[in-house]
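One structure below.
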Amino acid sequence: MSRSNRLVKSADFRKVYKAGRSYSSPLMVAYARSNSDESAVARFGIVASAKVGGAVKRNRARRQIREALRTLRNLSTSKPVDVVLVVRKPCTLAEYADIVNALRYLMARCGMIEDHHDTCNPAQRIR
RNA sequence: GCAGAGGGUUGGGUGGUCGCUGCAGUUCGCUGCAGAGGAAAGUCCGGGCUCCAUAGGGCACGAUGCCGGAUAACGUCCGGGCGGGGCAACCCGACGGAAAGUGCCACAGAAAUGACACAGCCGCAGAAACGCGGCAACGGUGAAAUGGUGCGGUAAGAGCGCACCGGCGGUGUGGAGACACAUCGGCCUGGUAAACCCCAUUGGGAGCAAGGUCAAAGAAGAAGGGGUUGAUGCUGCCCGCGGACCCUUCGGGUUGACCGCACGAGGGAUCGGGUAACCGGUCUCCCAGAGAGAUGACCACACAAAUACAGAACCCGGCUUAUAGACCCUCUGCAACC
RNA sequence: GAGAGCAUAGCUCAGUCGGUAGAGCAACGCCCUUUUAAGGCGUGGGUCCUGGGUUCGAGUCCCAGUGCUCUCA
């Protein structure tokens with residue numbers, strides 16, 4: 001994920017929280033806001049607060065979500081939408097496959113995946 | 001074999017596909033190399049480095065505290081002494097000073113450090129109550145009661161005398177020293193210094209968002225206060241150095257790049273010195289470095305299994321705390337066998 | 001990165017210099033009242049955050065840790 005595809009500034013995060021819609025799953029919460037700028041692309045920001053765990057747990061969750069976004073990018077439309085993904089505590093214990101499923105569900109709700117046939121919330125194993 | 005003591009190593013490996021960060025090369029397609037820890041953690045100490053005076057003096061305040069050594073330095077480490085625990089291997093110890101001074105020692109008790117004497121014992125006097133004098137052994141209290149035990153001694157007693165033990169002081173011997181041993185003296189001194197304190201040693205302040213270079217932009221803006229009779233650096237005060245700005249409120253601009261910043265009290269091997277911590281020589285290696293912050297996903301193989309605690313942010317030396325599993329070395333006691 | 005503070009009854013807080021832990025509200029019981037509230041009387045309730053240490057004795061002093069809150073940049 002290159003720099004232009006990331007949300008960086010705290011002002012960007014505030015905009016998304018304030019103006020966006022939110023969708024939740026047990027593993028994470030997504031805030032989405034479509035960007036009306038001319039040259040805008042889809043951008044993502046991942047938030048893992050100190051409540052989730054220590055540095056290792058937060059890093060691991062962030063990396064797995066980033067990998068999931070990379071694999072799902074082929075299916076997604078290139079709508080200019082800013083998405084903030086807030087990590088919830090069970091995510092640090094979840095399997096990678098569950099994170100992919102959760103993320104696919106959330107992106108469909110955001111309207112970033114057009115194919116809707118498997119958008120029902122999948123049963124997620126949480127150890 | 002059982003039980004135990006001390007110390008160390010490791011914390012996953014190999015191959016493949018896609019992806020991330022840095023460096024080097026590049027025909028700009030890509031290729032090659034490298035890529036978290038023993039604690040990276042807590043921030044409890046000590047340094048390096050940078051700026052403030054080349055880091056200065058005094059008081060205050062803090063830290064350390066048996067002795068010797070190691071070290072850049074330390075509250076760390078090594079060796080030794082002393083005290084305590086354990087059959088032992090071994091472990092633990094804030095381990096200077098209580099005859100410099102002050103404070104405190106609840107309750108109980110006659111009495112808690114100033115001396116005294118409740119019950120009691122003994123002598124004299126007396127019909128008796130009791131009075132005068134001597135005593136601190138015995139009683140009970142307490143965490144702690146003015147050296148302990150025994151013998152002598154006495155009216156009753158008492159280091160009053162003697163022996164042994166303990167403590168203190170002097171002298172001598174050994175040792176670098178802490179200290180140990182010997183000998184002499186006389187019995188005079190409860191605990192608490194993680195209470196104040198005394199003694200010795202030691203500590204200047206701030207921190208890489210330190211500090212520096214370049215570029216861009218805006219208003220070197222307005223009001224109030226302080227200031228060459230000394231602002232500020234500089235922490236509490238005084239001295240000393242330095243010498244012109246500083247503080248508050250309102251309003252405005254920027255939200256960049258580079259250096260610091262990855263070669264270091266560095267790692268590995270080996271030789272020498274030292275009981276050891278450690279030091280020195282030679283050879284060899286270059287080994288993460290961002291600026292919202294790089295290690296993830298999947299598959300295969302062997303294995304009992306891949307599972308613990310946990311993620312560098314200026315850098316080192318320690319301490320402390322967390323930690324699944326695996327492996328190794330040395331030693332002690334008991335039992336059995338030879 | 002640098003620093004500061006707090007933790008005591010169900011809740012909010014006291015506790016000077018070490019001597020054996022309280023106050024208000026709440027809870028429970030009784031009285032008062034036709035009843036409730038208010039009022040009066042009484043009662044119970046504590047790992048003083050955790051683990052070591054100093055001391056005869058620690059909520060208090062010292063060391064290490066845990067959790068929470070805050071400040072500066």
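Reminder, nothing fancy here: chain letters follow the sequence lines and each chain counts from 1.
Spacing between atom CG of D98(A) and atom P of rA297(B) amounts to 13 Å, rounded to whole angstrom units. Whole-Å rounding puts the I99(A) CD1 to rA297(B) C1' distance at 11 Å. The distance from atom CZ of R60(A) to atom C1' of rA294(B) is 17 Å, rounded to the nearest whole Å. For L72(A) and rA297(B), the CG to C1' distance is 12 Å, given to the nearest whole Å. Rounded to an integer number of Å, the gap from L69(A) CG to rA297(B) P is 14 Å. Rounded to an integer number of Å, the gap from E95(A) CD to rC298(B) C1' is 13 Å. For the pair F44(A) CZ and rG19(B) P, the computed distance is 18 Å after rounding to whole Å.
Each of rG293(B), rA310(B), rG296(B) was ranked by its minimum atom distance to the side chain of E67(A); first place goes to rG296(B).
Using the Watson-Crick or G-U wobble rule with both distances under 3.5 Å, rC18(B) pairs with rG296(B).
The base of rG311(B) sits within donor-acceptor range of the side chain of R63(A), with an N or O pair under 3.5 Å.
Where Q64(A) and F13(A) each meet RNA chain B at their nearest nucleotide, the meeting point lying more 5' is that of F13(A).
Annotated stems with RNA chain C as a participant read C:1-7 with C:66-72, C:10-13 with C:22-25, C:27-31 with C:39-43, C:49-53 with C:61-65, given as range with range, by first number; only runs of 3 or more Watson-Crick or G-U pairs under 3.5 Å qualify.
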